[in-house]
Amino acid sequence: MAKNKPKEAAPHEPESSLKQVIAHAKEYGFVYPSSEIYDGLQAVYDYGPYGVELKNNLKQFWWQAMTRLNDNIVGLDAAIFMQPQTWKASGHVDSFNDPMIDNKDSNKRYRADTLIEDKAAQLEAEGEIENAQLLLKRMNELLEAEDLAGVRDLIIEYDIVCPESGTTNWTEVRQFNLMFSTQVGSVAEDSSKIYLRPETAQGIFVNFLNVQKTARKKVPFGIAQIGKAFRNEIVARQFIFRMREFEQMEMQFFIRPGTQAEWFDRWKQVRMRWHETLGIPTEKFRIHEHEKLAHYADAAIDIEYQFPFGFKEVEGIHSRTDFDLTEHQKLSKKKQQYYDPDVSESYVPYVIETSIGADRLFLMTLCEAYTEDTGVDAKGNEKKRVYLKIHPALAPVKAAVLPLVKKDGLPEKAKEIYESLKLDMKVVYEESAAIGKRYTRQDLIGTPYCIAVDHQTLEDDTVTIRERDSTEQERIPVSELRSTLLERVSLQNVLRTLV
RNA sequence: GCGGGAGUAGCUCAAUUGGUAGAGCGACAGCCUUCCAAGCUGUAGGUUGCGGGUUCGAGACCCGUCUCCCGCUCCA
């Protein structure tokens with residue numbers, strides 16, 4: 001963000017437009033469109049060398065904040081494939097298998113079967129009972145045969161109009177299957193349909209008792225998980241904000257029924273503090289309270305960040321009640337209860353969920369970091385300077401070791417320093433091109449520190465450290481380099497502020 | 001899904017009415033250099049997104065398609 005040039009931030013021109021961030025992400029090895037040589041695949045992206053480092057750091061920060069700062073939260077890594085009954089219990093199978101149709105004039109979307117049923121009811125009211133029954137019969141046959149084109153023809157044939165626009169200008173009928181499916185089993189007849197999980201939460205719920213027993217946890221306790229989830233989004237856009245394959249970081253916190261309101265508030269605060277720790281200004285966050293709640297929730301909020309395309313959800317906190325465990329208990333006929341020695345009774349725990357999109361968090365970090373500034377070039381002229389203001393603990397590369405020139409024994413000394421650091425943090429060594437160009441390269445990928453090895457280094461064993469944002473340098477002894485850097489780039493120091 | 005816009009080297013862009021696909025930057029190699037994309041020399045990099053069509057000839061014109069961006073719509 002060009003914070004020192006606010007006048008350029010017109011309301012319609014976000015300070016860092018999404019386009020710039022996307023271009024930067026691709027050009028400097030953060031995010032590429034998937035299978036780009038074949039024109040890509042809509043809403044699927046790959047993380048490049050710096051992207052994967054940044055994303056791993058974000059995941060580490062979340063994971064450690066969850067599992068290390070809270071001694072009652074343990075981890076889990078459940079499989080992507082799950083027994084299909086899981087999705088029956090969770091409600092995913094039933095709520096997302098509808099034939100939908102859009103009216104092109106009103107841009108309204110309807111369930112095709114509902115439209116036809118309404119028409120049948122209308123016919124019946126008009127006394128055409130036989131016709132109405134025929135209509136329903138034909139619809140059911142078509143739906144059974146999965147003949148969606150036939151369903152549309154039926155709508156046209158019966159002159160069913162959009163209640164909004166009154167026209168029959170309909171799109172095709174499409175089956176909205178939120179979940180991706182595939183086959184298990186080698187022979188088609190024997191194979192069964194299974195789904196790629198549309199959320200990671202169910203892996204936690206079905207393992208609730210396993211984890212509770214083996215980790216010997218008492219309610220209240222939590223299970224944290226990071227993993228891929230898949231949703232066949234109809235419209236997937238805005239770069240990595242909404243992807244068909246994405247990564248969730250979820251924590252399900254199991255509590256005694258009746259205590260959900262206080263735990264909900266508690267986790268809301270904890271999660272907000274976590275976000276603010278990384279230095280993003282508070283005013284760029286907004287809490288969105290849900291009015292329309294999902295089938296499983298009794299309270300829900302989104303933590304929204306001001307992306308270049310508006311305030312959008314980064315993390316959701318939901319009070320899921322005992323919905324999931326109860327449903328699993330019903331369908332599996334296995335008790336999902338916990339005996340609480342404190343109150344001497346068994347119950348199905350309530351759940352508070354915190355669910356954050358790793359990819360959205362990544363995008364938020366990148367949007368926030370992208371900075372255009374003015375600097376001074378080698379000739380003393382003003383020039384545009386672009387750099388990524390990423391928190392040092394998250395930066396893909398922590399430091400670059402750079403010999404001032406490629407001679408006089410400086411490369412040898414610099415390599416020696418590089419070797420002494422590389423086990424402690426991600427560092428790079430670079431000797432090609434002028435020092436200024438090498439600084440700029442590091443700025444562009446957000447490296448917080450550049451260590452220059454110059455002739456003085458050979459004399460008194462000191463180096464200069466250049467700080468990315470200010471471009472200022474300080475000279476310190478090589479012997480203090482490792483500890484100085486670690487203090488500034490380590491995740492532990494950020495976590496410490498959260499304790 | 002609807003509407004609008006875009007696609008030429010890694011990036012930014014050029015290419016007369018339809019007539020030999022180019023430049024700058026970047027990358028890489030070498031030289032030179034004591035600190036913010038410096039200089040010199042050289043090298044690599046393109047079926048002009050893809051597929052058809054019109055034409056003697058298409059980067060340009062026509063059709064289709066893919067991808068991306070913006071707005072609407074959708075998002076248990």
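Chain letters run A, B, ... following the sequence lines, proteins first and then strands; every chain starts at 1. Just so you know, these numbers come straight off a predicted model, no measurement behind them.
B/C28 and B/A44 have their C1' atoms separated by 7 Å, with the value rounded to a whole Å. Look at the P atom in both B/G49 and B/G24: the space between them is 22 Å, to the nearest Å. Nucleotides B/G64 and B/G3, compared at atom P, are 12 Å apart to the nearest Å. For the P atom pair drawn from B/U16 and B/G4, the interatomic distance equals 28 Å after rounding to whole Å. On the P atoms, B/C61 is 35 Å away from B/A27, given to the nearest whole Å. B/U8 and B/G46: their C1' atoms are spaced 8 Å apart (whole Å). B/G51 and B/U43 are spaced 35 Å apart, taking the C1' atom of each and rounding to whole Å. Between the C1' atoms of B/U33 and B/G39, the separation comes to 9 Å (whole Å).
A salt bridge links A/Arg320 with A/Glu353; the closest basic N to acidic carboxylate O contact falls under 4.0 Å. With respect to A/Glu250 and A/Arg197, no salt bridge is recorded, no charged nitrogen being found less than 4.0 Å from a carboxylate O.
A sub-4.0 Å separation between OP1 or OP2 of B/C31 and a side-chain N or O of A/Lys406 is absent. OP1 or OP2 of B/U33 lies within a sub-4.0 Å distance of a side-chain N or O belonging to A/Lys407. Between A/Lys437 and B/C35, a side-chain N or O to OP1/OP2 separation shorter than 4.0 Å is absent. Residue A/Gln473 places none of its side-chain N or O atoms closer than 4.0 Å to OP1 or OP2 of B/C35. Between A/Arg468 and B/C36, a side-chain N or O to OP1/OP2 separation shorter than 4.0 Å is absent.
Using a 4.0 Å heavy-atom cutoff across all strands shown, A/Arg231 reaches at least one base atom of the nucleic acid. At a threshold of 4.0 angstrom between heavy atoms, the contacts of A/Ala300 with the nucleic acid are absent. Within 4.0 Å of A/Leu444, counting heavy atoms only, lies at least one base atom of the nucleic acid.
Geometrically, A/Arg244 does not engage A/Phe230 in a cation-pi contact, judged by NZ or CZ lying under 6.0 Å from the ring centre and within 45° of the ring axis. Geometric assessment of A/Lys119 against the ring of A/Tyr158 yields a negative cation-pi assignment under the 6.0 Å and 45° thresholds.
Distance check: A/Trp267 CH2 to A/Met251 CE gives 3.5 Å after rounding to the nearest 0.5 Å. In this structure, the separation between CG on A/Asp302 and CZ on A/Phe285 is 13.0 Å, given to the nearest 0.5 Å.
The nucleotide B/G51 finds its pairing partner in B/C63, both defining distances of the Watson-Crick or G-U wobble pair being shorter than 3.5 Å. Across all strands shown, B/G45 has no partner, as no Watson-Crick or G-U wobble contact with both distances under 3.5 Å is found. Base-pair partner of B/C25: B/G10 (Watson-Crick or G-U wobble, both distances under 3.5 Å). The partner of B/A15 cannot be assigned: no Watson-Crick or G-U wobble pair with both contacts below 3.5 Å exists in any strand. Summarising the base pairing, B/C72 is matched to B/G1 through a Watson-Crick or G-U wobble pair whose two defining distances lie under 3.5 Å. In this entry B/G39 has B/C31 as its Watson-Crick or G-U wobble partner, both defining distances falling under 3.5 Å.
What separates CD of A/Glu36 from C1' of B/A9 is a distance of 14 Å, to the nearest Å. Between A/Met243 atom CE and B/C75 atom P the separation is 21 Å, expressed in whole Å. Between A/Glu353 atom CD and B/A76 atom P there is a gap of 13 Å when expressed in whole angstrom units. Separating the CG atom of A/Leu18 from the P atom of B/C70 is a distance of 5 Å, rounded to the nearest angstrom. Put simply, CZ on A/Arg242 is 12 Å from C1' on B/U73, counting in whole angstrom units. Note: OH (A/Tyr449) to C1' (B/C36) measures 18 Å, nearest angstrom. Atom CZ in A/Phe241 sits roughly 13 Å away from atom C1' in B/C74 (whole-Å rounding). A straight line from CZ of A/Arg438 to P of B/C36 spans 12 Å, rounded to a whole angstrom.
Here the side chain of A/Tyr439 is nearest to one of B/C69, B/C28, B/C36, namely B/C36. Side-chain atoms of A/Glu27 lie closest to B/G10 of the nucleotides B/C35, B/G10, B/C69. Comparing B/C35, B/G10, B/U34 by their closest approach to the side chain of A/Val405 singles out B/U34. Considering only side-chain atoms of A/Tyr28, the nucleotide from B/C69, B/A37, B/C36 that sits closest is B/A37. For A/Arg441, counting side-chain heavy atoms from C-beta on, the closest listed nucleotide (B/A27, B/C69, B/C35) is B/A27.
Atom CZ of A/Arg385 sits in a crowded spot, with more than 12 heavy atoms from other residues, nucleotides or ligands closer than 6.0 Å. The local environment of OH in A/Tyr50 is sparse, with at most 12 non-hydrogen atoms from other residues, nucleotides or ligands closer than 6.0 Å.
Not a single donor-acceptor pair, N or O on each side, falls under 3.5 Å between the base of B/C36 and the side chain of A/Asp443.
A residue-by-residue look at A/Pro33 and A/Thr471 shows that A/Thr471 has its nearest nucleotide of RNA chain B further toward the 5' end. In terms of position on RNA chain B, the residue among A/Pro198 and A/Ala452 whose nearest nucleotide sits closer to the 5' end is A/Ala452.
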